[in-house]
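Below is one structure, written out as structure tokens; comments come after it.
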Amino acid sequence: MWAMDGVMGKASVYLETFGCQMNVADAERAATGLRAAGYELIQQVEEADVVLLNTCSVRARAEAKVYSRVGEVKHGQRKNSQLIGVMGCVAQLEGEAVFDHAPAVGLVVGTRATDRLPLLIERARAGEKQVSDLGEREEGEEWNVSPVERHSPYIAFVPIIEGCNKFCSYCIVPFSRGRERSRPAAEIIAEVEKLKNLGYREIHLIGQNVNSYRPRLESGLENFKGATPFSRLLRAVAATGMERIKFTTSFPRDFHSDIVQAIDENVNLCNWVHLPVQSGSDRVLRAMRRGHKASDYLARVAAIKNSRRRLALTSDIIVGFPGETTGEIGETVQLIEQCEYDSLYIFKYSPRARTPAALLLDDISEEEKAARFAMVEEAQRRVQKSIYNNYIGTSVNVLVERESTRSASDLMGHSTCHKIVNFRGGKDLIGKTVDVRVTEIKVNSLYGELV
Ligand code: SAH
Ligand code: SF4
Ligand code: F3S
């Protein structure tokens, strides 16, 4: 009974996160609020008074996972009084329908209601059945994350923009995350300064489309004539002196050359751009409502490739969009070869209810999607191998994150160009930045020795 262990004091919460970095950042924020309200955060799901599943809905499989996970949690629970809550994108989209799908769930918390979690849990634990909140954030709510809740002691995620206004025809995110809202620049810069003083060595500015950043108040942004707010934010964040700054995801249509200029002029803006293209065919891009043609995209890529330092370029591809022909997937392969991506995330098209593309016939069979996936993967493997080969003999700067999972005498980290790098070294190097000379390449990582 909640009255016995005291709702305000000792209830324990287990929080599990699926999906993208935005969900990770949300979980950090939720945990901060819960601990401040007196909840204990624990790692053992069976022991917890409250289990929160922070969910993703970007493809059908991600969504199905939520319901199977609820079943597992219910099956494993030791306490009958255990409260199961669903938060994140599935919660926002399904709302109270979650209760019908999964009667074991007692709490549904939308993507902008995380700060109200303590109150919502309290209501549910006081006996209220099926508590839900799909509301917006309160006016003036700050992004407040305590260092102990961060996913790493060296790398921090700093959200700069939430939501998405782009409405690509296949994508659920504008529905699950709502309209774009940019955080005030002064608040972002203050957070980065605080992180630097706490000893963080790398930050990732995150958002569905970071380069659509457009704060209502521009205080804190330096005035560079004609430059986009995002490139001005980059310069302002670089001026804090944070050692390594990465940002993701960038939207092609809003990727102006002033971003490349800002990177050129600030060594702490890292050598990596993630610029998802989705398809190499103009017809498919139009059907996807991406707002750019292949040639527009290639012009962006040319600016990136012309930067003073070599910037790594990565992308996302969807295969098997409705009506995609073999010729069109061929155009995608061609574009991949032209762009020479350092790495690629490939997805099989998955229809999402409520999106415009869901009205089109999902006419590419699962086998054919798998075959196209393999074709794109094979093209990327060829491209990637030759790019990785060029790294042999060169030095890359690595932030050491942890021991390698493969070998206890090896360490693992990411380069400024965001590649996984393994090398031999002692644990005392964890949390430091070191130079590593590349001696060997693997499929998705580099291997080297400490310089
Ligand atoms: N805001 C980013 C990423 C959004 S989601 C962008 O605009 O690129 C991450 C990736 O998931 C997308 O880039 C896309 O490749 C993939 N994705 C989104 N919806 C999908 C769907 N319905 N089926 C398959 N892949 C999808
Ligand atoms: Fe989805 Fe497109 Fe928005 Fe990216 S830009 S989150 S793919 S709608
Ligand atoms: Fe998934 Fe929501 Fe992120 S749908 S990819 S968790 S924005």
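Both counts, for ligands and for their atoms, begin at 1 and track the order of listing. We use all heavy atoms of the structure for the numbers below, so side chains are in, but hydrogens, waters and symmetry mates are not. Since the structure is predicted, the reported quantities are computational estimates derived from the model, not experimental observations.
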Check ligand 2 against [X] and write out every atom of the ligand that is under 4.0 Å from a heavy-atom position of the residue.
| X | answer |
| --- | --- |
| Phe251 | 5 (S) |
| Phe167 | 8 (S) |
| Val173 | 6 (S) |
| Lys166 | 3 (Fe), 5 (S) |
| Arg290 | 2 (Fe), 7 (S) |

Option with minimal heavy-atom separation from [atom], where the choices are [options]:
| atom | options | answer |
| --- | --- | --- |
| atom 24 (C) of ligand 1 | Lys348, Arg352, Arg177 | Lys348 |
| atom 4 (Fe) of ligand 2 | Asn165, Val58, Asn209 | Asn209 |
| atom 4 (C) of ligand 1 | Gln208, Lys166, Met22 | Gln208 |
| atom 23 (N) of ligand 1 | Ser350, Ala357, Ser250 | Ser350 |

- [ ] Give a yes or no on whether a salt bridge exists between Arg29 and Glu191, defined as a side-chain N under 4.0 angstrom from a carboxylate O.
- [x] no
Using a strict cut-off of 4.0 Å, indicate which atoms of ligand 1 neighbour a heavy atom of [X].
| X | result |
| --- | --- |
| Arg59 | 11 (O), 16 (C), 17 (N), 23 (N), 24 (C), 25 (N), 26 (C) |
| Arg290 | 7 (O) |
| Gln278 | 8 (O), 12 (C), 13 (O), 14 (C), 15 (O) |
| Pro276 | 8 (O) |
| Tyr349 | 23 (N), 24 (C) |

Task: Reported CG-to-CD distance for the pair Leu335 and Gln278, which is rounded to 0.5 angstrom - done: 11.5 Å
Open item on the list: On the six-membered ring of Phe251, is Lys166 placed so that its NZ or CZ lies under 6.0 angstrom from the centre and within 45° of the ring axis?
Closed with: yes
Task: Heavy-atom nearest neighbour in the protein, as seen from atom 3 (Fe) of ligand 2, with distance rounded to 0.1 Å - done: Cys164 SG, 2.2 Å
- [ ] Measure Pro174 to ligand 2 on non-hydrogen atoms and call it side chain, backbone, both or neither using the 4.0 Å cut-off.
- [x] side chain
- [ ] Answer with side chain, backbone, both or neither: which part of Cys168 has a heavy atom less than 4.0 angstrom from an atom of ligand 2?
- [x] both
Task: Under-4.0 Å heavy-atom contact with ligand 1, by part of Ile172 that carries it - done: neither
- [ ] For ligand 1, indicate whether the residue Phe347 contacts it via side chain, backbone, both or neither (heavy-atom separation under 4.0 Å).
- [x] side chain
Task: Heavy-atom gap Gln208 to ligand 3 smaller than 4.0 Å - done: yes
Open item on the list: Working note: Leu399 + Ile155, criterion side-chain contact (heavy atoms from CB on, under 4.5 Å); need CA distance, chi angles, decisive distance, verdict.
Closed with: CA-CA 9 Å; Leu399 169 52; Ile155 303 170; 3.7 Å; yes
Task: side-chain contact (heavy atoms from CB on, under 4.5 Å) between Ser445 and Asn422, worked out - done: CA-CA 7 Å; Ser445 64; Asn422 292 290; 4.1 Å; yes
Task: atom 3 (Fe) of ligand 2 contact by Cys171, N, O or S atom under 2.8 Å - done: no
Task: Qualifying residue for side-chain contact (heavy atoms from CB on, under 4.5 Å) with Ser12, from Val51, Leu41, Leu34, Ile42 - done: Ile42
TODO: Could you please give the number of protein N/O/S atoms within less than 2.8 Å of atom 2 (Fe) of ligand 3?
DONE: 1
Open item on the list: Measuring from non-hydrogen atoms of Arg177 to any atom of ligand 2, is the shortest distance under 4.0 Å?
Closed with: no
